[in-house]
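Shown next, in structure tokens, is the structure this report addresses.
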There are 2 protein chains.
Amino acid sequence: MKVDPVLFAKALADETRQEIMKCLCCVWLSVNDVVDALGGKVNQPTVSHHLKKLEEAGLVMVRQEGRQRFYTLNQEQVTVCCGNLIQRFAPEYGKKPDCR
Amino acid sequence: MKVDPVLFAKALADETRQEIMKCLCCVWLSVNDVVDALGGKVNQPTVSHHLKKLEEAGLVMVRQEGRQRFYTLNQEQVTVCCGNLIQRFAPEYGKKPDCR
DNA sequence: TTGACTTATTGATACCTGTCAATATATAAT
DNA sequence: ATTATATATTGACAGGTATCAATAAGTCAA
């Protein structure tokens, strides 16, 4: 799934959302787990809203289980998108010294 | 100069700003040069506004020359910030297969 | 000094978005 | 069926921001 670099940046351009991503790094959490992990900073609808944004950017994966939905960070997507940014804005960095 | 990952993402989270970054990739341009390069999409004050944002995020370098100010993309900063994002959100990607 | 040029700043406006309260939807348990 | 639980959606509101027109500030030329 190819992701627009602006969409990717927009998804990252929020403090709370980056905290959520941190929580979901390398582990599957339900929505309420995330709410708890944030320690009452925001409430459940807000977390759902952020998770939706992250999902639209392809940054999280979802797995339904009973009445819960488990999310985890898509680390490959993060890596790919960051690589795309470097490709786009620093293509020859490290190659042509005269460019700097 | 250490850059906050949220600030970095915010700087990238705009279509016009990414276009400006593209223009400034590997070349020094005056403000009016950037305005022209964008082909009348936005006017001069708007470009100045965006350049200020990019400067605050450490993504561009500035050089004064006469009455003009020349900007260029700081490719090293882009590379470093992207590396930081990967470090933060995909630290062990490619190392621990059990993590995926 | 005056005028021309380049860029930054200010004020106004419209749009976007993060947040919450309330509610809806869906699923499981009894 | 009814109740409880988990999550998503809606509506409202406040704060942020992208944009422009107008103006200011700084610099060079004459």
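Since the model is a prediction, treat every value here as computed from it, not as a measurement.
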- Task: Rounded to the nearest angstrom, tell me the gap between atom CZ in F70(B) and atom P in dT7(C).
- Result: 7 Å
- salt bridge (charged side-chain N to carboxylate O under 4.0 Å, His left out) with R67(B): which residues, sequence neighbours excluded? none
- Would you mind reporting whether L73(B) and K22(B) have side-chain heavy atoms less than 4.5 Å apart? no
- Message: Would you compute the distance between atom CD of Q18(A) and atom CG of L54(A) and round it to the nearest 0.5 angstrom?
- Response: 10.0 Å
- Query: Between S30(A) and dT7(D), is there a side-chain N or O to OP1/OP2 distance below 4.0 Å?
  - Reply: yes
- Should T46(B) be listed as having a side-chain N or O under 4.0 Å from OP1 or OP2 of dA18(D)? no
- Message: Strictly distance-based, threshold 3.5 Å: is any side-chain N or O of R17(B) a donor or acceptor partner for the main-chain N or O of A11(B)?
- Response: yes
Close N or O pairs between protein and nucleotides 21-29 of chain C (under 3.5 Å):
none

- Message: Looking at dA8(C), I'd like to know if its phosphate oxygens (OP1 or OP2) sit under 4.0 Å from a side-chain N or O belonging to Y71(B).
- Response: yes
- Query: Nearest 0.5 Å, what's the CG-OH distance between L24(A) and Y71(A)?
  - Reply: 9.5 Å
- Item | DNA chain C contacts among residues 2-24 of chain B, heavy-atom distance under 4.0 Å | none
- C25(B) side chain near P91(A) side chain, heavy-atom distance below 4.5 Å: yes
- At what distance, to the nearest 0.5 angstrom, does CD1 of I20(A) lie from CG of L59(A)? 12.0 Å
- Taking DNA chain C as the partner, which of residues 50-58 of chain A come within under 4.0 angstrom of it by heavy atom? H50(A), K53(A)
- Task: Answer yes or no: is there a side-chain heavy-atom contact under 4.5 Å between V31(A) and Q68(A)?
- Result: no
- With the 4.5 Å side-chain cut-off for hydrophobic clustering, are M61(B) and V78(B) part of the same group? no
- Query: If you measure from CG on N43(B) to OG1 on T46(B), what distance do you get to the nearest 0.5 Å?
  - Reply: 4.0 Å
- Do E65(A) and R63(A) sit within salt-bridge range, that is, some charged N less than 4.0 Å from a carboxylate O? yes
- Are OP1 or OP2 of dT6(C) and a side-chain N or O of R69(B) less than 4.0 angstrom apart? no
- Item | Euclidean distance, atom NE2 of residue H49(A) to atom C1' of dT10(D) [Å, nearest integer] | 12 Å
- dA8(C) phosphate, OP1 or OP2: any side-chain N/O from S48(B) under 4.0 angstrom? yes
- Message: Taking side-chain contact (heavy atoms from CB on, under 4.5 Å) as the definition, give me every residue that meets it alongside I86(B), ordered by chain and number, with sequence neighbours left out.
- Response: T79(A), C82(A), A90(B)
- Do any of residues 32-40 of chain B sit with a heavy atom less than 4.0 Å from DNA chain C, and if so which? N32(B)
- Might you confirm whether atom NZ of K52(A) has over 12 heavy atoms from other residues, nucleotides or ligands at distances under 6.0 Å? no
